[in-house]
Amino acid sequence: MIDLPGAAYRGRFAPSPTGPLHLGSLLAAWASWMLARQAGGQWLIRIEDLDPPRERPGAAEQQLLTLQHFGLESDAPVVWQSQRGPLYQDALARLQATGDAFACHCSRRVLAGHKGVHQRCVAGRARRNPSVRFRVPDGRHVEFDDLIRGVVAHDASSEIGDFVLRRADGFWAYQLAVVVDDAAQGITDVVRGADLLDSTPRQILLQRALGLGTPCYAHLPVIVGDDGRKLSKSLASLPLDAADPLPALRLIWRLLGQPSAALDGSPSLAALLAAAVREFDIALIPSGHLALRTTPA
Ligand code: GLU
């Protein structure tokens with residue numbers, strides 16, 4: 001637990017180090033930073049390096065450097081999830097002790113015949129290394145009030161089903177780690193991309209089972225190409241020019257529905273960031289996708 005006394009509002013940005021920071025991740029980082037600053041609160045960076053097969057060496061350091069060039073620095077030492085296994089193990093043991101977590105031998109292939117939703121074990125044979133899942137009881141509904149999208153409701157048992165906490169390959173699942181860390185870091189407000197909207201009910205269920213509070217959530221619109229598809233990682237590397245941060249920030253500002261005039265007369269990064277904190281209005285953020293032209297007119 002990091003001790004940051006007196007912080008009523010505590011936000012965070014939690015990138016996975018799978019490649020360079022792209023426009024979509026910068027949008028999430030900057031929006032969460034602006035809201036934290038507006039609230040007079042703190043903003044933390046957490047590196048979610050839990051999935052070595054998908055990670056690229058040096059990507060986390062590069063992401064941190066890029067964020068720094070955009071003026072976005074963590075108010076506390078950066079937390080690395082790869083070093084926090086004992087915390088996740090402890091939470092898992094508690095869930096196993098209460099019967100909320102169970103060993104599961106079902107493979108993704110066998111679950112494909114059940115729309116990928118695990119409601120009961122259907123594995124024909126035992127696997128040497130079972131995964132561990134969280135049990136979502138039949139009929140369990142989850143509802144939360146998103147600051148951007150309003151009330152979001154899920155029928156967790158039929159739409160989500162029992163979800164993985166520790167993978168069959170032994171790695172920790174994002175859902176468990178994020179809940180443990182948001183609580184351990186005292187995060188009050190989670191501001192992130194709407195591609196994670198389906199994860200939120202899982203995280204709320206875990207918070208309840210572990211006796212943890214639920215932070216406020218705000219899910220930002222996702223940037224899509226003009227073909228309507230999510231920007232691929234390669235395209236998303238729409239070069240973030242760390243040496244010249246202002247154009248990307250102005251573009252994100254417009255994508256977030258904010259009036260461009262508000263940033264006029266801010267020639268330096270420091271001036272632009274200060275004006276943005278003053279002027280940013282969460283109520284103007286569109287809730288649909290943000291289309292970005294990716295092909296020549
Ligand atoms: N690490 C996740 C990602 O990069 C984000 C986690 C979160 O913000 O909750 O997609």
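Start at 1 and go down the list; that is how both ligands and their atoms are numbered. For clarity, every value in this text was computed on a predicted model and none was experimentally measured. Position 1 is the first residue of the sequence; numbering continues from there.
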| Heavy atom under 4.0 Å from ligand 1: found in Val190's side chain, backbone, both, or neither? | neither
Which of the numbered atoms in ligand 1 are under 4.0 angstrom from any heavy atom belonging to [X]?
| X | value |
| --- | --- |
| Ser16 | 1 (N), 2 (C), 3 (C), 4 (O) |
| Tyr174 | 6 (C), 7 (C), 9 (O) |
| Arg12 | 7 (C), 8 (O), 9 (O) |
| Val178 | 9 (O) |
| Arg192 | 7 (C), 8 (O), 9 (O) |

| Nearest-neighbour protein heavy atom for atom 10 (O) of ligand 1, which is reported as residue plus atom name and distance | Leu196 CD1, 4.0 Å
| query | Any idea which protein heavy atom is nearest atom 6 (C) of ligand 1, and the distance to it? | reply | Glu48 OE1, 3.2 Å
| task | Check whether any side-chain N or O of Asp155 sits under 3.5 Å from a backbone N or O of His141 as a donor-acceptor pair, and report yes or no. | result | no
State, yes or no, whether a side-chain contact exists between [X] and [Y] at a heavy-atom distance under 4.5 Å.
| X | Y | answer |
| --- | --- | --- |
| Phe280 | Trp253 | yes |
| Asp198 | His154 | yes |
| Leu50 | Phe171 | no |

| query | Does Arg202 make a cation-pi contact with Phe134 (under 6.0 Å, within 45 degrees of the axis)? | reply | no
| task | Tell me, yes or no, whether the heavy-atom count around Arg127 atom CZ, taken from other residues, nucleotides or ligands under 6.0 Å, exceeds 12. | result | yes
| Can you tell me if CZ on Arg250 sees more than 12 non-hydrogen neighbours from other groups inside 6.0 Å? | yes
| request: Could you tell me whether Ala14 and ligand 1 have an N or O pair separated by under 3.5 Å? | output: yes
